[in-house]
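For this chain, numbers begin at 1 and follow the sequence in order. Since the structure is predicted, the reported quantities are computational estimates derived from the model, not experimental observations. Just so you know, ligand 1 is whichever comes first in the structure, and atom 1 is the first atom listed for that ligand.
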Amino acid sequence: MSDFLDTLFNLNGKVAVIIGGTGELCGAMAEGLAKAGVTTVLVGRSLEKAQARITKIESAGGSAYFEQADLGSKASISELLARVVEKSGKVDILINGAGANSPTPFLEIPEDEYDRLFEINTKAVFLACQVFGAYFLDRGEGGSVINVGSMTGVLPLSRVFTYSATKAAVHNLSKNLAREWATEKIRVNTIVPGFFPAEQNRKVLTEDRVKQIMGHTPMKRFGEAQELVGATLLLASDTAGSFVTGVELLVDGGYAAMTI
Ligand SMILES: NC(=O)c1ccc[n+]([C@@H]2O[C@H](COP(=O)([O-])OP(=O)(O)OC[C@H]3O[C@@H](n4cnc5c(N)ncnc54)[C@H](OP(=O)(O)O)[C@@H]3O)[C@@H](O)[C@H]2O)c1
């Protein structure tokens, strides 16, 4: 890389906590950060998926480890932060990307499903922002928070009612916190993936739905997880992204650029 790009995207030595790092999209974001010299902490439930990603990261010369946390519990997230600070000395970047989805028709959505999606998609983001935000403020060296939103937080999508509401809340919270912490050099942004096949949305991606998505995506294809890496590095970098806060950064093959 040229010296110019090295400086602009210098993330060497940073530490990133990637909640949802065991999943497909955030796992790829973690790989990209690790290639840029970031120590990546993959947070999720599945040790097996974490191990597969860690092997990939390490074989490319990067650094990663797995941590589990109960994302619905502030105490558990605080313990996660304490463990990471003990192992890695600090945290610079927080990615909130754990998520779940369901295609239940609106009138049939049970309350426990509504609560479950809000707990993982919204409350977990809220709590992690409280815990890591307090840490960033106390440390006084800034920080980058990247919340994973959704196209449905920008333009409501059919068939994923609860998911849509949970993600719209994440977009709103991100902007609110961007304003709140702007003078403290803590940047809060939302990365908005378009359509990427992954575990949590496989049930939603029926044949009909895929046809609709392709008809509405100017690039006529799904995204590939590694296509989120460029946007992640921009938002993570205090140099390249120094004046970028409160944005919804769409990585969507042009999905939101057209109506009909
Ligand atoms: N794929 C898309 O097209 C798309 C588009 C827009 C936004 N998104 C968002 O991108 C993020 C990543 O999704 P993905 O597509 O990569 O799906 P994925 O592969 O299914 O990953 C989901 C992640 O969330 C974690 N998770 C789910 N429920 C959890 C719970 N109760 N407690 C702890 N962790 C939990 C999973 O952990 P374990 O695997 O360890 O259980 C996994 O790390 C989500 O926020 C999703 O809403 C995806």
Exercise for the section: Could you tell me which residues satisfy side-chain hydrogen bond (donor to acceptor under 3.5 Å, both in side chains) with His216, sequence neighbours excluded, listed by chain and number? Expected result: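 Not a single residue meets the side-chain hydrogen bond (donor to acceptor under 3.5 Å, both in side chains) criterion with His216.
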
Handout entry: Exercise: do Asn96 and Asn147 side chains pair donor with acceptor under 3.5 Å
Key = yes

Problem - Residues Thr162 and Glu113: side-chain donor-acceptor under 3.5 angstrom - result: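 Glu113 and Thr162 do not have a side-chain donor-acceptor pair below 3.5 Å.
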
Handout entry: Listed partners of Arg139 passing side-chain contact (heavy atoms from CB on, under 4.5 Å), at least two apart
Key = Lys90, Asp92, Tyr135, Glu141

Problem - For Ala165, side-chain contact (heavy atoms from CB on, under 4.5 Å) partners two or more places apart - result: Phe118

Problem - Residues, nucleotides or ligands: over 12 heavy atoms within 6.0 Å of Lys49 NZ - result: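 More than 12 within 6.0 Å, yes.
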
Exercise for the section: Tell me the residues surrounding ligand 1, counting only those with a heavy atom closer than 4.0 angstrom, sorted by chain and number. Expected result: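 Within the 4.0 Å shell of ligand 1, which is judged on heavy atoms, sit Gly20, Thr22, Gly23, Glu24, Leu25, Gly44, Arg45, Ser46, Lys49, Leu71, Gly97, Ala98, Gly99, Ile120, Val148, Gly149, Tyr163, Lys167, Pro193, Gly194, Phe195, Phe196, Ala198, Glu199, Gln200, Asn201.
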
